[in-house]
Amino acid sequence: MTLNAPTLQTPPSEPLGRETLALDAGLVIDPRTRAIQPNISMSVNNMVTPGEGAFSVDGVEDLTTLPYMYARWTNPTVTELEQRIAALEEAEQAMCTASGVGAISATFLGLLKAGDHLIISDVCYAGAAELARGMLPDFGIEVSQVNLSDPDALAVAMRPNTKLVHCESPCNPLLRFTDLARISEIAHKGGALVSVDSTLATPVACRPLKFGCDLVIHSLTKFINGHGDAMGGAVAGDQSVIAKIRARSGVYLGATLSAMNAWLILRGIDTLYPRMKTMSDSASKVARFLEGHPRVKRVLHPSLESHPQADLIARQMDLPGALISFETNNLAATEQRFADRLKVIHYAFSVGHQRSLLTLLETDVMMKSTYKLEGEQLADYRAYAGDGLFRLSVGLESVEDLIRDLEHALRD
Ligand SMILES: *Cc1c(COP(=O)(O)O)cnc(C)c1O
């Protein structure tokens with residue numbers, strides 16, 4: 001047995017299944033203790049030999065090939081997590097960041113400069129939308145919000161200086177999908193890269209790089225850690241692109257993930273597959289229950305035949321995922337019922353927790369605070385969301401308990 005092999009004790013000759021990679025990719029058996037579970041390496045500093053640190057980070061081709069020197073550059077525990085994520089996304093490399101928004105801003109600020117044009121999905125995570133619209137123009141970066149579920153709209157919006165197209169699939173809270181292969185084709189023809197926020201899908205349900213996208217981004221805070229106790233983010237793609245993001249945004253902007261959080265997320269990712277399978281299954285059952293409820297006007301879940309993009313979902317997704325969005329009669333009264341009566345589901349923001357979370361996202365409020373859509377884009381948002389959607393992130397509770405909880409809360 002080789003104790004200090006970089007991956008497994010004896011590197012297997014057959015390619016490993018994805019469930020095995022979620023446990024073992026990047027796993028380092030500690031040569032001193034033979035510990036199987038990853039040790040946490042909290043040390044900020046490592047011994048160096050004279051002259052070893054005498055270089056400019058921006059000029060290094062791949063920081064991850066250098067010895068560990070200082071934790072803002074590279075850290076062994078963070079490296080293990082990065083290798084695990086790269087393996088699951090079938091990417092050459094990944095870089096981890098302090099949060100999901102950290103991964104998005106690291107990508108934008110690492111790759112774009114004054115005079116460049118960014119196209120961002122008209123509906124995506126609030127932090128990304130507000131960063132792109134509110135802050136990037138201050139740095140001379142042009143930003144357009146485009147409905148990326150419509151490839152023709154992207155073709156029209158492309159400019160000679162478009163450098164990056166950022167989408168979210170499925171997007172939050174509409175659960176509307178982007179045709180990743182079509183979008184990549186159009187963006188690449190115009191010389192732009194494509195980044196996809198795949199937080200809601202996770203690599204269990206979708207691997208965007210195989211559809212031609214260049215970068216896949218995750219909030220590790222959500223399903224990948226999956227236990228609501230650590231924030232983190234990741235961006236994965238080709239080594240040369242990740243190297244640039246790592247040097248500029250990791251080292252210079254300091255978006256680095258801490259070793260402690262990397263270690264917590266490594267523990268979470270071990271059970272990503274069984275968690276996603278159970279939660280997707282339960283979400284499909286809850287979605288069917290909601291679809292049959294008289295108080296419920298519309299249910300969006302990728303498992304439902306009524307989803308307007310069922311064909312695309314079948315091509316792009318291996319699992320429907322744990323998120324359900326639904327509209328009810330009298331949103332305000334129903335919101336109060338949920339807040340007062342739910343006993344198992346938590347009335348709380350966010351998604352990807354092991355416990356079920358539910359909140360209301362009112363369309364008018366979303367338009368004022370985050371999206372500011374008009375005309376056709378607003379009409380498309382309303383076609384999905386009506387006056388507002390309850391977003392339910394299904395957890396690992398018994399599905400019978402979840403349905404009973406909702407049934408009780410929705411009763412007269
Ligand atoms: C939560 C979330 C983010 C932001 O992640 P943080 O870890 O909170 O910074 C980005 N994208 C999506 C789709 C999210 O759900």
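Quick caveat: nothing in here was measured; it's all calculated off a predicted structure. Just follow the structure's listing: the first ligand is 1, and inside any ligand the first atom is 1. All residue numbers refer to positions in the sequence shown, counting from 1.
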_Could you check whether any side-chain N or O of T162 sits under 3.5 Å from a backbone N or O of R159, counting only pairs where one atom can act as donor and the other as acceptor?_
yes
*Do S195 and H166 meet the criterion of a side-chain donor-acceptor pair at a distance under 3.5 Å?*
yes
For ligand 1, list every N/O pair with the protein closer than 3.5 Å, one pair per line with the distance.
{"residue": "ligand 1", "atom": "5 (O)", "partner": "S219", "partner atom": "OG", "Å": "2.9"}
{"residue": "ligand 1", "atom": "7 (O)", "partner": "G100", "partner atom": "N", "Å": "2.8"}
{"residue": "ligand 1", "atom": "7 (O)", "partner": "S219", "partner atom": "OG", "Å": "2.8"}
{"residue": "ligand 1", "atom": "7 (O)", "partner": "T221", "partner atom": "OG1", "Å": "2.6"}
{"residue": "ligand 1", "atom": "9 (O)", "partner": "G100", "partner atom": "N", "Å": "3.0"}
{"residue": "ligand 1", "atom": "9 (O)", "partner": "V101", "partner atom": "N", "Å": "2.8"}
{"residue": "ligand 1", "atom": "11 (N)", "partner": "D197", "partner atom": "OD2", "Å": "2.6"}
{"residue": "ligand 1", "atom": "15 (O)", "partner": "K222", "partner atom": "NZ", "Å": "2.8"}

*Determine whether the side chains of D340 and Q336 contain a donor N or O and an acceptor N or O closer than 3.5 Å.*
yes
*Measure from the ring center of F223 to the ring center of H353 and say whether it is less than 6.0 Å.*
no
*According to the interplanar angle, ranging from 0 to 90°, do the rings of Y381 and Y371 count as parallel (below 30°), tilted (30 to 60°) or perpendicular (above 60°)?*
tilted
*Around atom CZ of R133, are there more than 12 heavy atoms of other residues, nucleotides or ligands at under 6.0 Å?*
yes
